[in-house]
J.: 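First the structure, then my questions, so here it is.
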Amino acid sequence: MAQTFEMKGRFMAFSEKCRIGMIGAGNVAQRHARVLSGFADVEIVGVTDVVAPAAEALATTLGAPAFPDAAGLLSLEPDAVYVCVPPFAHGHAEEAVLASGAALFVEKPIGVDLTVPTALAADIARRGTLTAVGHHWRYLDVVRSAAELLADRPVRLVNGVWWDKVPPVAWWVRSDRSGGPVVEQAAHVVDLARALVGDVRAVYAAGTGTPPPVPDADVDAATAATLIFASGAVGTVSSTCVLGWKQRAGLEILAEGLALFVGEDELVVRDSTGQERRIPGDPDAARVAVDRAFVDAVRGIGDDIRVPYAEALETHRVTCAIAESARTGQVVTLAAPAASPAASPAASPTASPAAVPAASPAAVPAGSAAPAGSAAPAVYAGRPATPATPTLTQPASGASPATIASPASAASPASSPASALPPMPAMPPMPAMPPMPSMPPVAPMPSAPPAPQAPPAAPWAPAPAGSTAPPEPGRPATPPIPAPRTAASPASDAQSAPAPPIPATRTEASPASDAQGAPAAATNPSTGDGGSADE
Ligand SMILES: NC(=O)c1ccc[n+]([C@@H]2O[C@H](COP(=O)([O-])OP(=O)(O)OC[C@H]3O[C@@H](n4cnc5c(N)ncnc54)[C@H](O)[C@@H]3O)[C@@H](O)[C@H]2O)c1
């Protein structure tokens, strides 16, 4: 008798294929289609894209039909659907897939802000839909090795970086379409930090306020963020897109007596032996593994989905908090997800079975300060319809930090500054240090002539917009500090961009596609790479 497995509530023979539909036919969809086509137990049944030629091109390579919309594709009753659309286009496609009963694979990031993802997460939880999100770094062998090395050592410091070029997709440089570089791209290292170090409780970030030198760009050319983890570890994440190449992307992790760098291509380990070991990574294997794990789960023969939708939402809350903090100049705290296990540092880079809580009725827009003297911080549930004017505010100046609440935990009355930022765990005692060897006597320094005293600078006081600091002798004048960006003045950003514009390698085809996203370019002529948004 043929062996069977259960899929979508019916028992199927193992000889039956998993039938998959594709929504979006751009760069990353092409990659998934290539991988899935290599699986003997998968059949790609159809493709749709708002740009019909893109759908037709991919469908032709797969020998499958192209459809003008998701409804046509879903009429084939696929077992699972991949949603590979740009960040701004998430929502309707997922809703249609969920209503069809198919399993759902979504590319990261799951939205430009928290509005659509929070609603979708609630719907997914209600329906119990099988989901996965394309955080394929969690499938890197080097991430597993890093987790093993960190298993018995508390992490103290983290430094995540994504220093790269502007990817060749037109929507990427617009914050309302991509969410900005941290949400869109550095999400991989933030997700890795969550997997290896645990949940993040607070962020404080700054952006350049000026865009990269690309036409129509309004995203920050660079962002730097400070992160406080629930475990007490601290860290930074920085992102820039001003290079013409990928300089570095990954995560440095410092634990007691151990330094790691985890990248897509390698793990670098240095411990108390002082020896540096380089362990090569295999990103292509991880890109296959993320699809294989999803297909196995859909077929009911595997259980290795490491980032279901609810887990991706937790990472997305952190990247949105960084974007929000850079926009407002405020510290943003993140309430603990009610149903998620406590911070899971180093325990496993694999699935965190976070349940999805219901939306919080208590949420107020970001940047809302609590009334003076109030103990409760503002609770952040997503980007406000009208963005608050960014202010450069000292954290200590009395402005209450905003809180990005996990939906269910936001409903909890425990959202107070004290509960949002848990007390630091007690540190284990440090081993006694060996006595310092005695140093040879040091010759006294010749006394230097007294330096002219500059008047003390007012701490945190930015120079007035447009002002120019007097040049130091022998140094060129410092360029004026740009005025903080406001939603109403993108032109001032463009004017202050120092470098000449780099022509965009992709343009959006038509007003219709402008609203929906551009068709995929097979290859970026300027870089020779595949043109994917974050490869
Ligand atoms: N996990 C990874 O390694 C990885 C790699 C690359 C890209 N990505 C992510 O994948 C997403 C897409 O990136 P990309 O490089 O493929 O972009 P892309 O612009 O090349 O492709 C997106 C496609 O979606 C189509 N589209 C837009 N709205 C649609 C809608 N409502 N319905 C159907 N199709 C629609 C566009 O016409 C376009 O063909 C981004 O969020 C990106 O971050 C992830």
Side-chain angles (χ1 to χ4, degrees), residues 21-33 35 46-59 66-74 81-97 105-112 116-117 132-140 162 164 167-174 177-189 191-192 249 264 283-284 286-291 307 312 315-316 319 504-510 512-524 529-535:
M22 309 290 304
I23 298 182
N27 293 301
V28 82
Q30 292 164 27
R31 187 187 89 199
H32 286 298
V35 170
V47 181
T48 184
D49 192 295
V50 288
V51 177
E56 279 152 20
L58 180 57
F67 292 89
D69 52 33
L73 176 69
L74 293 170
V81 177
Y82 275 60
V83 175
C84 299
V85 300
F88 69 88
H90 287 288
H92 294 311
E94 287 94 329
E95 283 167 10
V97 175
F105 186 106
V106 187
E107 257 310 335
K108 49 57 58 186
I110 51 180
V112 287
V116 166
V133 176
H135 282 293
H136 66 270
W137 283 43
R138 296 248 197 150
Y139 290 86
L140 291 165
W162 198 296
D164 206 336
V169 278
W171 48 263
W172 199 90
V173 293
R174 302 294 303 181
R177 293 173 172 228
S178 67
V182 172
V183 169
E184 212 287 332
Q185 196 172 55
H188 281 300
V189 290
D191 186 66
L192 190 56
E264 235 187 325
D284 285 339
R287 292 182 187 121
V288 173
V290 69
D291 288 333
V307 187
T315 293
H316 192 60
T319 55
T505 53
R506 288 186 55 188
T507 52
E508 304 203 14
S510 65
S513 72
D514 189 60
Q516 298 291 338
T523 303
N524 170 12
D529 68 17
S532 247
D534 65 2
E535 283 179 319

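Just follow the structure's listing: the first ligand is 1, and inside any ligand the first atom is 1. In this text the structure is predicted, and so the values were computed from the model without any measurement.
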J.: With E184 as reference, evaluate P109, P86, P167 under the side chain to side chain contact (heavy atoms under 4.5 Å, CB included) test and give the passing residue.
T.: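 Only one of P109, P86, P167 forms a side chain to side chain contact (heavy atoms under 4.5 Å, CB included) with E184, namely P109.
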J.: Going through the distances and angles, do R287 and E264 end up as a salt bridge (Lys or Arg N to Asp or Glu O under 4.0 Å)?
T.: CA-CA 11 Å; R287 292 182 187 121; E264 235 187 325; 3.1 Å; yes
J.: Could you tell me which non-hydrogen atom of Q30 sits nearest to which non-hydrogen atom of A25, and how far apart they are?
T.: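 Nearest heavy atoms, Q30 then A25: NE2-O, 3.1 Å.
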J.: To check you understand the geometry: which heavy-atom pair defines the closest contact between W171 and R177, and what is its length?
T.: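 Minimum heavy-atom separation between W171 and R177: O-CB, 3.5 Å.
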J.: Relative to the heavy atoms of G24, which atoms of ligand 1 are at a distance of less than 4.0 Å?
T.: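 This gives 24 (O), 33 (C), 34 (N) as the contact atoms.
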J.: Please work out, at 4.0 Å between heavy atoms, whether the side chain, the backbone, both, or neither of V50 comes within that distance of ligand 1.
T.: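 Looking at V50 and ligand 1, atoms from backbone and side chain both fall under 4.0 Å.
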J.: Please work out whether the ring planes of H135 and H188 are parallel, tilted or perpendicular, with thresholds of 30° and 60°.
T.: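 Perpendicular, since the angle between the ring planes exceeds 60°.
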J.: For ligand 1, which atoms, with element, lie under 4.0 Å from some heavy atom of H188?
T.: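 Within the 4.0 Å cut-off of H188, ligand 1 contributes 1 (N), 2 (C), 3 (O).
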J.: Under 4.0 Å from a heavy atom of P109: which atoms of ligand 1 are those, numbered in the order shown and with their elements?
T.: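 Every atom of ligand 1 under 4.0 Å from some heavy atom of P109: 41 (O), 43 (O).
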J.: Heavy atom to atom 13 (O) of ligand 1, shortest distance: which of W137, W171, F67 holds it?
T.: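 Checking each option, the heavy atom nearest atom 13 (O) of ligand 1 is found in W171.
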J.: Please list, in number order, the atoms of ligand 1 under 4.0 Å from a heavy atom of G134.
T.: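 Here the atoms of ligand 1 in question are 1 (N).
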J.: Taking distance alone, with N or O pairs closer than 3.5 Å, would you say V28 contacts ligand 1?
T.: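 So ligand 1 has an N or O lying under 3.5 Å from an N or O of V28.
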J.: Short list, please: which atoms of ligand 1 are under 4.0 Å from a heavy atom of A89?
T.: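 This gives 28 (N) as the contact atoms.
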J.: Is the W137 ring parallel, tilted or perpendicular to the W162 ring (thresholds 30°, 60°)?
T.: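 Geometry flag for W162 against W137: tilted rings.
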J.: If you count the atoms of ligand 1 from 1 in the order shown, which ones are under 4.0 Å from a heavy atom of H136?
T.: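 Near H136, meaning under 4.0 Å from one of its heavy atoms, ligand 1 has 1 (N), 2 (C), 3 (O).
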J.: Relative to atom 43 (O) of ligand 1, which among H135, M22, E184 owns the nearest non-hydrogen atom?
T.: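 Heavy atom nearest to atom 43 (O) of ligand 1 belongs to E184.
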J.: I'd like to check which ligand 1 atoms, numbered from 1 as shown, lie under 4.0 Å from a non-hydrogen atom of P87.
T.: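 Every atom of ligand 1 under 4.0 Å from some heavy atom of P87: 41 (O).
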J.: Pick whichever of E264, R177, H32, K108 has a heavy atom sitting closest to atom 9 (C) of ligand 1.
T.: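 Among E264, R177, H32, K108, the closest heavy atom to atom 9 (C) of ligand 1 comes from K108.
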J.: What are the two closest non-hydrogen atoms of V112 and G179, and how far apart are they?
T.: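 Closest approach of V112 to G179, heavy atoms only: CG1-N, 3.6 Å.
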J.: Just jot down the side-chain hydrogen bond (donor to acceptor under 3.5 Å, both in side chains) partners of H90, sequence neighbours excluded, or say none.
T.: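 Applying side-chain hydrogen bond (donor to acceptor under 3.5 Å, both in side chains) to H90 gives E94.
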J.: Using a 4.0 Å heavy-atom cut-off, say whether H92 meets ligand 1 through its side chain, its backbone, both or neither.
T.: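 Neither part.
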J.: At a 4.0 Å cut-off, with the gap strictly under it, does some heavy atom of A93 reach an atom of ligand 1?
T.: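 No, A93 has no heavy atoms under 4.0 Å from ligand 1.
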J.: What is the distance from atom CG of L73 to atom CD1 of I23, rounded to the nearest 0.5 Å?
T.: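 With rounding to 0.5 Å, CG (L73) is 5.5 Å from CD1 (I23).
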